[in-house]
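In what follows, a single structure is set out as C-alpha cells and then discussed.
In this text the structure is predicted, and so the values were computed from the model without any measurement. Count residues from 1 along the sequence.
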Amino acid sequence: MTVPSETIPLASDFPAATREQWQRLALGVLRKAGLAGEDTPADAVEELLAHNGYDDVTLAPLYTGDDPTPMPGPPGLFPYTRGARAAGAVTAGWDLRQRHADPDPKVTAEAVAADLENGATSLWLVLGEDGLPPAGLAAVLDGVYLDLAGVVLDAGAAAVEAVPTWFALLNQRQVPPAEVRGNLGVDPLGWRARTGQRWEGPVDELARTCAADFPGLRALTVDATAFHDAGASDAQELGCAIATGVAYLRDLTAAGLGVPAAFGQLEFRYAATADQFATIAKLRAARRLWARVAQVSGAPEHGAQRQHAVTSTAMMTARDPWVNMLRTTLACFAAGVGGADAVTVQPFDHCLGLPDGFARRIARNTQSLLLEEANVGRVIDPAGGSWYVERYTEELARAAWAWFTEIERAGGMAAALDSGLVADRLAATWQRRADNLAHRRDPLTGVSEFPDLGERVPTRPAAPAPPGGGLPRRRYAQAYESLRDRADAHTAATETRPTVFLATLGPAAAHNARAGFAANLFAAGGVATVRPPVGTDDPARLAAEFTASGARVACLCSTDRLYAQSAEAVAQALIDAGADRVWLAGKPADHPGVHGYLYTGCDAVAVLETTLDDLGVA
C-alpha cells in the first residue's frame, strides 16, 4: 500500500529540541552514574562534561548554531583554514609518501620499487647515521622515474653531503628541473632540537637554487614532530613550528630572497594521532596560523601552508603492535580530512625495528583504501562547518599563537631552544600526560588496557638509532612497556612469571568484576594472576590457597559489602601466611591489614612498580 506523502511525519512536524531539554536528560544520566547530586542544577551539566586538554582548551559536550563560530573562509583562499587548494584533494588525492630508513641500499631499493608499483606517489628517504648512506642514493633510486615520483630527503647534518649527491644524480639522469618534485629536507633548527647541535649549512644558497631552477622542489622542512615526540601538546607543536618557520623566513629574506619565494621554500611536517578531531583541528589551525604570518609579512596570497602529516611515533607501541594498525588508520583518516598535502603512515612494527614487507604493505594500503574505497579525498574539507571542529580549530589556533608569541619574546626559536624554554615547557606537558597515562585516564589498548600476557611479539632487525642529545624522544607506552620488559626478563631467567594471588571473596557474581579488573591491571605490568577454584570468605581456606599458589602478593576481590564483613580477617590471614603485600580491588577505605587499593583512576604504574619490587623482580 502506498502511503500519501502528506501523512508521513517529517522533522518539521516535531517540536524543536532545546538545550535545556538536553541538559535535563544529561543530568539524569550523571546522577545515575554518581557524577552529579540531587541538588546539581541542570545548567551545570555542560561544565561537568567539559573536557580540558593539554592546551587548556575547553571542549564543550555540546555545540549548536547558537555558539559563536568563526568564519573559516572558502577552500583555497585566505586564511586557508579549509585547505590550501580550492579543489582540496578531489582531483588527485593527497600525496601518499612512504618513509625509508633501512641502511642497506639493496633492501631499500626493493622496498622503494614495491611502494611505487603499489600506490606510493613520493618517497621520504632518511639519510646519514640513522638511515641510508648518502652515497647509496643512486642505487636506491635506480629505475625510479624521478620526473614522476617526488623525493624528500631527511639527512640532518648529512645534508651537506646528501644534497650535492642528489643534485648530481638529477644531472646525471638528465631530469628536467621543472619536473623535479620534493624537498631537500634541510631543517637546522629541527636538528638543533633533536641533537642540541648547530647545523651551519648553506641554507640560503640551497633555497635560491631551488627557487630559481627547481620550481617543484623546496629546500626546507619544518619538522614539528621533534616537538611532538618530546611531549608537546598540539598547540605547543604548532607554536614551535610557526616560530621555526618565521626564523627561516627571516634568514631567507635577509639573504636576498623575496618574501613570496621564501614562503615557497618551506614545507611543514606534523604528527597525526589517533585523536582524530584533535588532528583535524591541528592541521586546519596550522594553515590559519601560517596565513596570518603571511598576512603580516605582506604576502597573504602566498600563505597556503604545504603540509606533510606523519602518523605519530609517540602513540605507537611495541607491545600488541597489531593495534597500531587501528591507531594509524584513525590518524591517516584525520590527516586526510584535515587537509594534509602529503601523508605518511608508519608501519605497525615501527617500534620493533626495521619494518618487513607485510607491515609496509599494510601502511601503504591504509592510505589507498581511504582514498580509493572510502573516498575520503573526494570531499573538500569534510569537517568544515562543524560547530565543534570550527570552534576547536579557533581555540587551538589562539593557544598556539600565544605560545608562538612567547617564543618570539624570548628571542626566537633558536634562543628558546638554547635557553631551555622549549624543553622545560614540553617537559611540564609531558608530566601531565605521563600522569594521565599512569592513572589510565589516557588508556592504551593492548598495553595499559586489555594486555595479552601470552602474546608473541614479532622480531625485526634493529633500526639505526636516531641522533640524540637534544629534546628527548618519548612514547606514551614507555612506562608500561618497561615494566613488561622487566617482568619478561625475570620470567626468562627463572622460568616463572611474576604472579599475584587473587583472593576472591564470595560467589562469582560478587567477585568476578573486580577480579577481572585486577587481573587486567596486573597484566599491564607483565604480572600473571591466579585465583582459587571457588570463591569463599573463609580466611583459613584463602590463606591455604595463597600458600599453595607460591605467590608473595595477594589482592582481595569482592563487593564492598563483603569487604566490610571479611576483608580485615582475610587480609590478616594472608599476611600470616607470608604475604608481603595485600591489595584490595576497590575504592580506598579503612580496612586494617590492606596495604593499598586498586580502582579506576589509581596510579597503575606505581602499583605495578611496587608489586614487582615485592615479588623480587629486578
Review point. More than 12 non-hydrogen atoms from neighbouring residues, nucleotides or ligands closer than 6.0 Å to CZ on Arg398, yes or no?
Key: no
Exercise for review: Check each of Phe277, Tyr388, Trp387 against Tyr63 using the ring-ring contact (aromatic ring centres under 6.0 Å, His included) test, and report the only one that passes.
Suggested key: Tyr388
Check your understanding: Is a side-chain N or O of Glu481 found less than 3.5 angstrom from the main chain of Ala318, in a donor-acceptor match?
Key -> yes
Revision key, fill the gap. Rounded to the nearest 0.5 angstrom, the CG-CG distance for Asp275 and Asp442 is 9.5 Å
Review point. Are the side chain of Asn118 and the backbone N or O of Ala114 linked by a donor-acceptor pair below 3.5 Å?
Key: yes
Review point. Does Arg433 count as lying over the ring of Tyr54, i.e. NZ or CZ under 6.0 Å from the six-ring centre, within 45 degrees of the axis?
Key: yes
Study note, to complete from the structure: Distance col, row Asp154:CG vs Arg269:CZ, nearest 0.5 angstrom, shows 5.0 Å
Review point. Are more than 12 heavy atoms from other residues, nucleotides or ligands located less than 6.0 Å from atom CZ of Phe333?
Key: no
**Study point:** Nearest-0.5 Å distance, CD1 of residue Ile407 to CD of residue Gln236
**Key:** 9.0 Å
Review point. Distance only, no hydrogens: is a donor on one side chain within 3.5 Å (strictly under) of an acceptor on the other, for Asp102 and Thr108?
Key: no
Review point. Would you call Asp115 and Arg360 a salt bridge, using N to O less than 4.0 angstrom?
Key: yes
Point to revise | Separation between CH2 of Trp401 and CZ of Arg288, rounded to the nearest 0.5 Å | key: 10.5 Å
Check your understanding: How are the rings of Phe78 and Tyr80 set to each other: parallel, tilted or perpendicular (split at 30° and 60°)?
Key -> perpendicular
Check your understanding: Do Arg97 and Asp95 sit within salt-bridge range, that is, some charged N less than 4.0 Å from a carboxylate O?
Key -> yes
Check your understanding: Do the side chains of Tyr270 and Leu238 get nearer than 4.5 Å, heavy atoms only?
Key -> yes
Review point. Just by modelled atom types, is the Ala87 backbone N or O under 3.5 Å from a matching donor or acceptor in the Thr91 side chain?
Key: no
Practice item. Report the C-alpha distance between Leu370 and Asn375 in whole Å, list the side-chain angles of each, state the deciding distance to 0.1 Å, and finish with yes or no for side-chain contact (heavy atoms from CB on, under 4.5 Å). Key: CA-CA 6 Å; Leu370 287 171; Asn375 295 316; over 6 Å; no
Review point. Within a strict 4.5 Å, meaning less than it, do heavy atoms of the Thr393 and Ile280 side chains meet?
Key: no
**Study point:** Test item: Asp234 side-chain N/O and Lys282 main-chain N/O as donor-acceptor pair under 3.5 Å
**Key:** no
Practice item. Tell me, yes or no, whether the heavy-atom count around Glu129 atom CD, taken from other residues, nucleotides or ligands under 6.0 Å, exceeds 12. Key: no
**Study point:** Side chain to side chain, Pro103 and Leu354, heavy atoms closer than 4.5 Å
**Key:** yes
Exercise for review: Go through the steps to decide whether Asp187 and Thr221 satisfy the test side chain to side chain donor-acceptor pair (under 3.5 Å), and finish with yes or no.
Suggested key: CA-CA 5 Å; Asp187 187 15; Thr221 295; over 6 Å; no
Practice item. State whether Asp147 and Arg173 are salt-bridged, where the test is any N-O pair (Lys NZ or Arg NE/NH1/NH2 against Asp/Glu carboxylate O) under 4.0 Å. Key: no
**Study point:** Basic-acidic side-chain contact under 4.0 Å: Arg475, Asp229
**Key:** no
Exercise for review: Examine the side chains of Asp223 and Thr225 and answer whether a donor and an acceptor come within less than 3.5 Å of each other.
Suggested key: yes
Check your understanding: Would you call the rings of Trp124 and His308 parallel, tilted or perpendicular if under 30° counts as parallel and over 60° as perpendicular?
Key -> perpendicular
Check your understanding: Quick one: CZ on Arg194 to CH2 on Trp199, what's the gap to the nearest 0.5 Å?
Key -> 15.5 Å
Check your understanding: Considering only heavy atoms from C-beta outward, does the side chain of Val310 approach that of Val343 to under 4.5 Å?
Key -> no
Point to revise | Separation between SG of Cys332 and CD of Gln276, rounded to the nearest 0.5 Å | key: 12.0 Å
Check your understanding: Any idea how Tyr476 and His228 line up, ring-wise: parallel (<30°), tilted (30 to 60°), or perpendicular (>60°)?
Key -> perpendicular
Review point. Does Ser482 reach the main-chain N or O of Ala479 with its side chain, forming a donor-acceptor pair under 3.5 Å?
Key: no
Practice item. Tell me, with the steps shown, if Asp381 and Arg284 meet salt bridge (charged side-chain N to carboxylate O under 4.0 Å, His left out). Key: CA-CA 9 Å; Asp381 186 27; Arg284 298 173 95 251; 3.0 Å; yes
Exercise for review: Answer with yes or no whether the side chains of Asn52 and Thr58 bring together a donor and an acceptor at under 3.5 Å.
Suggested key: yes
Practice item. Salt-bridge test for Glu200 and Arg192: reply yes if a basic N is under 4.0 Å from a carboxylate O, no otherwise. Key: no
Point to revise | Check: Thr328 and Met316 side chains under 4.5 Å, non-hydrogen atoms | key: yes
Review point. Is the side chain of Asn324 donor-acceptor paired with the backbone N or O of Phe348 at a distance under 3.5 Å, no angle test?
Key: yes
Point to revise | Gln346 side chain to Arg99 side chain, donor-acceptor N/O pair below 3.5 angstrom | key: no
Check your understanding: Does any N or O in the side chain of Gln307 come within less than 3.5 Å of the main-chain N or O of Leu283, such that one atom is a donor and the other an acceptor?
Key -> yes
